[in-house]
Every structure is written in structure tokens, then in C-alpha cells.
Amino acid sequence: MRNNIITTALAVATAVYADCPDYLSYALVPHGPFSGGTYNLSYMRPDPACRTFNSTIVESAVTNISNLITDPDLKRLFVNSYPNTLDTAIKWKGTANGSDEELTFVITGDINAMWLRDSANQMQSYLPLLTASDAYNSLASLYRGVINLQARYLLIDPYCNSFQPPIESGVSPSPNPSASDDTVRPNYTNTSIFECKYELDSLAAFLEVSSNYYNATQDATFFKKYQWVDAVETILQVATNMTVPTYTADGNVSVLSYSFTRLTNRASETTENGGLGNPFNNGTGLIRSFFRPSDDATIFQGFIPANMMFSRYLASASLIAAAIGENDLAQRMSCMASGLRDAITASGIVTTRSGGQIYAYEVDGYMGHNIMDDANIPSLLAAPFFGYLDVNDTVYQNTRQLILSAQNPYFMRGPDISAIGGAHDGPGYAWPMAAIVRILTSNDDAEITQQLQEIVSTTDGLGLIHESINTYNISDWTRQWFSWANGLFGQMVLDLEDRKPELLKQSFQGNSSTA
Ligand SMILES: *[C@@H]1O[C@H](CO)[C@@H](O)[C@H](O)[C@H]1NC(C)=O
Ligand SMILES: *[C@@H]1O[C@H](CO)[C@@H](O)[C@H](O)[C@H]1NC(C)=O
Ligand SMILES: *[C@@H]1O[C@H](CO)[C@@H](O)[C@H](O)[C@H]1NC(C)=O
Ligand SMILES: *[C@@H]1O[C@H](CO)[C@@H](O)[C@H](O)[C@H]1NC(C)=O
Ligand SMILES: *[C@@H]1O[C@H](CO)[C@@H](O)[C@H](O)[C@H]1NC(C)=O
Ligand SMILES: *[C@@H]1O[C@H](CO)[C@@H](O)[C@H](O)[C@H]1NC(C)=O
Ligand SMILES: *[C@@H]1O[C@H](CO)[C@@H](O)[C@H](O)[C@H]1NC(C)=O
Ligand SMILES: *[C@@H]1O[C@H](CO)[C@@H](O)[C@H](O)[C@H]1NC(C)=O
Ligand SMILES: *[C@@H]1O[C@H](CO)[C@@H](O)[C@H](O)[C@H]1NC(C)=O
Ligand SMILES: *[C@@H]1O[C@H](CO)[C@@H](O)[C@H](O)[C@H]1NC(C)=O
Ligand SMILES: *[C@@H]1O[C@H](CO)[C@@H](O)[C@H](O)[C@H]1NC(C)=O
Ligand SMILES: *[C@@H]1O[C@H](CO)[C@@H](O)[C@H](O)[C@H]1NC(C)=O
């Protein structure tokens, strides 16, 4: 019976995709009708028959919100970007073999694999519209499918960041030649795992998508049904193991349950000291992270933004454990969450030469600290967005001022767009994602308007949110199909509609007209 359902879903999927253009090439060239604005933005939604998931509520939000936007280019960018994950990235949705357990395979966009971080955040774009539902076509069902599949992935190997399609989907796995060194992982097969970079924020992402679903639906029963508790237990084991310092008390080198090296010509694609990373001191209370949310290696493993995000969502996910009667687990989760918060305050704050206190991006627990911010979320800039602290927190505001200036080694400036970037695409490339987070964490109308103007005017006519843009040449950008950043842009527009609807009535037809 279940197999029949799976077969039917597969048949539909095949029919849907057969005559559809590959979005990777579709998103490279403009398509009419054009916006009619100064920036002549393309229409980028796929033909309805080619969309990967239909949601009435998302369509209704796209219509309602776009009717509130006056500027033709901002309107077009919103219409293209907000539904992008549903339009293009729900590669398969079905159930586990022989079970009613929903599964949703969400690709990141241009790479045919599912990242824990991206898929959690791709779902988060639609959080404002999420309500409890059992229906197959509901956002709630999509969320449940992502949570179940992420739990399965974490149980295969919690130190991996990106995974292949579930076997039930019949979707072919994608080759990842650069992960050939990941085969040292005990459970590695190239048909189940795409890449094994251990990133603390990937674990936080599972807690994030779980908390978001629970908070919006109050559906606790779901979390009892499948492997959620086992996945959380595994996450706690990783977190505990990753507090182990480089040296034992008597000076031996600690045995660590993870290490990573790769043959590469990029420093950020491998780690120091034969795969252990730079030495990490005892006593910080922080959880180590070998990689950042950009999938680039950390310089110091006490990576503050991921520790913040992990603490925040561990605390909220402990409410789920409590609601399903897992009281001991709930207790351990909330205890670790608050211990981590203390550790961040004790080890993650640095006093600058002028005497102000700021959060470091990374620390090693010796005296090493890295003062910067990177565009990817979790970042320091995004700390209030993911709910770790209040936007008016003094240390946050000090940090924000510094990372949005030339004092941040990765703040990219230029005539077309100025925003935080990162080592992933290198100097000179600003990330619209960081401009979006800047808006989400600002109460200043002038700052918000300026950032919106820069985002709307730098899509190179394509009308989608790219990963990064050369600050001196908007035709030089990376990733035509980066689904998460598109959803995040839409989520930001919904947030503005809620907080500052008058800003959506402005013109963005040129710098002078927005003053
Ligand atoms: C808009 O862009 C399209 C595609 O590049 C082009 O054919 C069209 O002439 C442009 N329209 C305007 C008004 O610039
Ligand atoms: C979405 O709806 C269109 C009709 O508007 C249909 O052709 C398409 O198959 C649907 N997609 C899915 C995944 O159900
Ligand atoms: C869009 O507006 C209609 C009419 O006011 C309303 O019924 C619907 O709930 C709105 N949709 C969303 C997602 O808010
Ligand atoms: C390997 O993956 C399976 C699930 O496919 C899991 O049951 C098992 O515990 C994993 N083994 C290790 C060593 O992680
Ligand atoms: C589904 O389960 C059946 C029976 O356990 C097995 O024979 C079949 O190979 C499974 N199919 C997939 C796609 O895992
Ligand atoms: C997995 O590895 C095998 C053996 O090296 C290779 O033939 C196959 O193409 C690989 N599959 C993928 C998806 O990379
Ligand atoms: C944690 O470390 C212990 C040994 O200290 C090991 O047995 C266990 O497998 C590790 N678990 C994970 C998830 O790394
Ligand atoms: C770490 O520091 C704590 C507290 O000072 C101490 O009890 C513990 O033995 C130390 N562990 C290592 C591995 O140095
Ligand atoms: C430290 O290393 C030495 C030399 O390998 C070994 O004799 C000793 O047992 C180790 N100590 C611990 C606590 O592992
Ligand atoms: C749940 O969502 C509400 C807003 O809908 C928010 O105020 C509250 O803080 C959230 N709770 C948690 C634990 O995230
Ligand atoms: C932050 O401070 C500003 C200015 O004092 C105030 O308008 C705003 O409401 C505060 N925001 C929060 C979330 O407390
Ligand atoms: C801008 O970037 C595009 C795309 O990389 C390139 O073709 C063009 O030559 C660049 N323009 C300048 C002035 O460098």
C-alpha cells in the first residue's frame, strides 16, 4: 500500500520534471514579462506545471504582500524570491518505506543535496505562515518531512553537513569528488552522504526547525512518533565530545571523535595540525566547531555565533522534550543551554582598545580571538534575528557598529553595494544575505531604505538574490540559484510589512528618489 503511494509520487514527480527546464540554466537568463522598472527585472518563477510544491497560503501571501509594494522592481524581486524554495527546491516529498513517516528532501538550489542548515532555514522563510495541519499540501507536512529526514541524517553521521536523497525517493545521488577524503567517516557511503564537515550550526539547525514547528503548531505528539529523541541524544553526545580540549590535563593530545583533512589548494577547505584544527584550550565551556556556516574551516574553534544559536535553540527545543515527557532529556538540554550562555559571556567577549566590549567571532580559549563577521547565518550580526539576544543589547550594538565598518576585515565596500562578505567568495564580494540581516536587525528607516535600494539595484536584471556580488561590478556575482537567500529576502519583506509597512510604499527607482 505504502509502496503504491511512493510509486505514485514518483510518477508525478517524473511527469512534472520531464518537460521542465533545469532551473540552473533557467535562472541564468532573463525571462519576460519584465518589471517595467529602472532595473528591468526578469520574471523568474517557473511555469506552474514545473513548480516543485504548491501552497495556497504562500501564493496568497505573495499576492497580498506584493499588492502592498509600490515599487515595480521591489515587487518583482519579492514575487520571484519568496516562493523560490517551494517553486524549485522540494526535490521529493513522500514517506519512509513501510511507514507513515513523512520525508521532505529539500535541495539547496544549484547543488542537488540537502544541507541541514539550508533546509532548516529554507523552511524558516515560511514560518510566519505555518499553522497546524495534517494535509499533504500543508507547510506543516513539509516541516515534518524535513525534521524526520534530518533526524535520519543525524543518526547516519551527526558530523556531516550535507546529505544525499533518501533511498525511497528514487532520486539519484550527486557525485561530490571533493569529498573523497570524507570516506574515513565510519558510516560514509557516497549514496547517503554528500559531505562531512562538522559544523555546530548544522546541529543547531535541527533544533531550530524543530522548535519553529512546535512553537507554531503546538504539535508535541509528532516528536514522539519517530526518531526525534534519538537524534537529540546524538546531538548532545556530539556537543559534549566537542568540549574536549586539545591537550589532556597531563599534556597528552586528547583523542577526539572527529578530525578532518582534505587535499585542496584552499586553506579554508582543510584544517591545521593533521585534522585537529588549531589548539583549543580547556575551560572555555564552549563547544568546538571545525567549520563555519559558509562551510569554511574555523580559525579558532570556539566559534561564537554557532554557540549562540545552539544555546538558543537547545533551550527552546527542551520545551518539546518536556512536552513529550522526556523530563531528564529536557533537563540536560536546558542545563547545557544555560551553561553555554554563561560560557559565551565569559569567553566570547573582548575589550577593544577604546575600552568597549564586543563579541569575538571566534576564540581559542588561550588569548587568541578573531574579530570579524562573515555573511552566513549564524553570524554575529544575526544574533538578535535568531533570538539569542535583544537587538538593544549593548555588547551587540558595539559589535554591530564595528562589523558594519572597515574595521571588519570582511566588510566589503563599493559603489553598488556595501555589505559583509566572507572568505568563501573572498575579498571584494558583498553578500546580499548580510544586507538582508542588517535590515532584519535595524529599527532605522534610513538604514533599511538604503540596504533595500542596494539589494533591489544589484540583481543584474535577473530578479533573484545571488550569493555574493562584486562591489564594483554587479554583473560579476556567484550562484544564480541560492534558494535560502531568496526565501530570507521574502521573510524580511513580510517582517517589514509587519513592522514598517510605510517603507514598502517607497520608490527604489534610483538613489536620489529614495532619500
Ligand atoms: C529588459 O531586458 C530584456 C532582456 O534583456 C530586454 O530584451 C529588454 O529590451 C529590456 N527592456 C528594457 C525596457 O530595457
Ligand atoms: C502545482 O500546480 C500545477 C497547476 O497549477 C500543477 O501542474 C503541478 O503539477 C503542481 N505541482 C505539484 C508538485 O503538485
Ligand atoms: C490575503 O488576503 C485575503 C483577503 O484579505 C485573506 O483572506 C488571506 O488570509 C490573506 N492571506 C494571507 C496569507 O495573509
Ligand atoms: C550508521 O548509520 C545507521 C543508520 O543508517 C545507524 O543506525 C548507525 O548507528 C550508524 N553507525 C554509526 C557508527 O554512526
Ligand atoms: C522497502 O521495504 C521492502 C521490504 O522491507 C524492501 O524489500 C524494499 O527494498 C524497500 N524499498 C526501498 C526503496 O527501500
Ligand atoms: C560512488 O562511488 C562509486 C565507486 O567509486 C562510483 O562508481 C559512483 O559513481 C559514486 N557515486 C556518486 C553519486 O558519487
Ligand atoms: C563521544 O565520545 C565517546 C568516547 O569518549 C564515543 O564512545 C562516542 O561514540 C562519541 N560520540 C559521538 C557522537 O561522537
Ligand atoms: C579542565 O579544567 C578543569 C577545571 O579547571 C579541570 O578540572 C580539568 O581537569 C581540566 N581538564 C583538562 C583536560 O585539562
Ligand atoms: C600519556 O601519554 C603517555 C605516553 O604515550 C602514556 O604513557 C600515558 O599513559 C598517557 N596518559 C594518559 C592519561 O593517557
Ligand atoms: C513562540 O512564538 C512566539 C511568537 O509567535 C514568540 O513570542 C515566542 O517567543 C516563541 N517561543 C519560543 C520558545 O520560541
Ligand atoms: C530598542 O531601542 C529603541 C530605541 O530606544 C526602541 O525604539 C526599541 O523599541 C527597542 N527595541 C527593543 C526590541 O526593545
Ligand atoms: C563585470 O563582470 C562581468 C561578468 O564577470 C564581466 O564580463 C565584465 O567584463 C566585468 N566588467 C568589468 C568592467 O570588469
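No hydrogens, no waters, no symmetry mates; every other heavy atom, side chains included, goes into these values. Ligands are counted one by one from 1 in listed order, and the atoms in each one are counted from 1 as well.
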Compute the centroid of each ring, for F291 and then for F260, and state whether the two points are separated by less than 6.0 Å.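 Centroid distance F291-F260: below 6.0 Å, so yes.
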Can the ring centres of Y258 and F290 be said to be less than 6.0 Å apart?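 Y258 vs F290: aromatic centres under 6.0 Å.
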Please work out which of the three classes, parallel, tilted or perpendicular, describes the rings of W431 and F482, given edges at 30° and 60°.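 Aromatic pair F482/W431 classed perpendicular.
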Over 60° means perpendicular and under 30° means parallel, so classify the ring planes of Y82 and Y126, tilted if in between.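 Rings of Y126 and Y82: tilted, as their planes differ by 30° to 60°.
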Under 4.0 Å, counting heavy atoms only: does P245 come that close to any atom of ligand 8?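 Judged by the 4.0 Å heavy-atom criterion, P245 does count as contacting ligand 8.
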How close does the nearest protein non-hydrogen atom get to atom 5 (O) of ligand 11, and which residue and atom is it?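 Checking every protein heavy atom, the shortest distance to atom 5 (O) of ligand 11 gives N392 ND2, 4.7 Å.
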For atom 7 (O) of ligand 11, grab the closest protein heavy atom and report residue, atom and distance to one decimal in Å.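 Nearest protein contact, heavy atoms only, for atom 7 (O) of ligand 11 is N443 ND2, 3.7 Å.
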With respect to N282, determine whether any N or O atom, backbone or side chain, lies less than 3.5 Å from an N or O atom of ligand 8.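 Checking ligand 8 against N282, an N or O pair does fall under 3.5 Å apart.
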Give the atoms of ligand 8, by number and element, whose distance to some non-hydrogen atom of Y247 is under 4.0 Å.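 What qualifies from ligand 8 is 13 (C).
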4.0 Å protein heavy-atom contact status of atom 11 (N) of ligand 8, strictly under: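 Yes, there is one.
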Are side-chain N/O atoms of N278 and E272 paired as donor and acceptor at under 3.5 Å?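 E272 and N278 do not have a side-chain donor-acceptor pair below 3.5 Å.
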Between the candidates N473, N470, D476, which shows the shortest non-hydrogen contact distance to atom 6 (C) of ligand 12?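 Looking at heavy atoms only, N473 sits closest to atom 6 (C) of ligand 12.
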